[in-house]
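Structure first, then comments.
Heads up: numbering here begins at 1 and tracks the sequence. Below, all heavy atoms of this structure are taken into account, side chains as well, without hydrogens, waters or symmetry copies.
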Amino acid sequence: GWAARGEGPRLQMPRPLLAEGAPFLGSAVLAMANSAALPYLGARLGVGQSGYVAWAAGLGLRPQQGIDLAGRVLYPAYARLKDRAEDLGRAVERSARLTACAVLGAAALLASLSEPLILVVYQAKWLPARGPLCAYALALGLILLYLVAARALLALGEAARILKINLAI
């Protein structure tokens, strides 16, 4: 048929699309590799301790959903401003400040109320997870700055720079 004669459809990726897509996918692969750390922790710390860490990560990083939701709005807004550097800079600063108020407030509340929360909702046997829970909640400050900056870099077409940052982290 047509495939044997070489008459079928041809897939050709435009270079600019490939240049941006490959680093973007590379960052996604790194994110998946990071999530594979739990089996390693289980082998190093034991099943019980790694369970505490997994639980703490799941709850402590929950406010990150606010950052992700904001990012879905921020990316197109940043993309519209990519040719106006001063306006883009102000937009990134303003959105980082507003997102920080909401997310860091929730993270600080979670960290400061972690012990009563664990005792009331999960019982005393989960108290060993308090340290990792507070660490994850407080790490949201760094995650927040990174994700806001990453959305701006993506809007500027700098996916390769984000991949380099991810590799360095």
Side-chain angles (χ1 to χ4, degrees), residues 23-79 81 87-156 158-169:
F24 184 80
L25 289 175
S27 291
V29 168
L30 280 175
M32 287 189 313
N34 276 342
S35 65
L38 196 56
Y40 172 76
L41 278 176
R44 300 285 297 172
L45 300 175
V47 174
Q49 292 298 318
S50 64
Y52 291 137
V53 171
W55 175 83
L59 185 59
L61 294 177
R62 187 69 58 203
Q64 183 179 339
Q65 289 179 340
I67 302 169
D68 294 336
L69 289 173
R72 293 183 183 275
V73 175
L74 295 176
Y75 173 76
Y78 292 162
L81 297 173
D87 291 339
L88 177 61
R90 277 195 302 273
V92 169
E93 181 183 342
R94 192 175 326 120
S95 59
R97 200 175 311 122
L98 290 172
T99 307
C101 286
V103 172
L104 295 180
L109 196 63
L110 180 61
S112 63
L113 297 175
S114 61
E115 187 171 344
L117 173 78
I118 290 170
L119 289 173
V120 170
V121 178
Y122 297 99
Q123 300 175 344
K125 68 181 181 180
W126 285 94
L127 277 176
R130 183 174 184 263
L133 175 61
C134 291
Y136 279 115
L138 297 176
L140 281 172
L142 296 174
I143 294 169
L144 169 89
L145 293 175
Y146 167 77
L147 290 177
V148 169
R151 296 294 183 184
L153 287 171
L154 278 175
L156 291 171
E158 295 286 340
R161 187 174 294 182
I162 294 171
L163 178 60
K164 289 175 186 173
I165 293 169
N166 289 340
L167 287 169
I169 295 174

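Of all the heavy atoms in Arg151 and Asp68, the pair that sits closest is NH2-O, 4.2 Å. Across Ser114 and Leu133, no two heavy atoms sit closer than the pair CB-CD2, 3.7 Å. A pairwise comparison of heavy atoms in Leu88 and Leu81 identifies CB-O, 3.8 Å as the closest pair. Taking all atoms of both residues into account, the shortest heavy-atom contact from Tyr146 to Ile165 is CE1-CG2, 3.7 Å. Ala111 and Cys134 get closest at one heavy-atom pair: O-SG, 3.6 Å. Pro128 and Ala124 make their closest contact through CD-O, 4.2 Å (heavy atoms, listed as atom of the first residue, atom of the second, distance).
For the atom pair CG of Leu113 and CG of Leu119, the computed distance is 12.0 Å after rounding to the nearest 0.5 Å. Between atom CG of residue Leu69 and atom CG of residue Leu74 there is a gap of 10.5 Å, rounded to the nearest 0.5 Å. With rounding to the nearest 0.5 Å, the separation of CG in Leu163 from CG in Leu153 is 12.0 Å. With rounding to the nearest 0.5 Å, the separation of CG in Leu59 from CD1 in Ile118 is 8.0 Å.
Remark: the backbone N or O of Ala96 is not paired with any side-chain donor or acceptor of Thr99 at under 3.5 angstrom.
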Q. After noting the C-alpha distance and the side-chain angles of Tyr78 and Val148, does the key distance pass the side chain to side chain contact (heavy atoms under 4.5 Å, CB included) rule?
A. CA-CA 10 Å; Tyr78 292 162; Val148 169; 3.6 Å; yes
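Below 30°, between 30° and 60°, or above 60°: for Trp126 and Tyr52 the angle between ring planes is above 60°, a perpendicular geometry.
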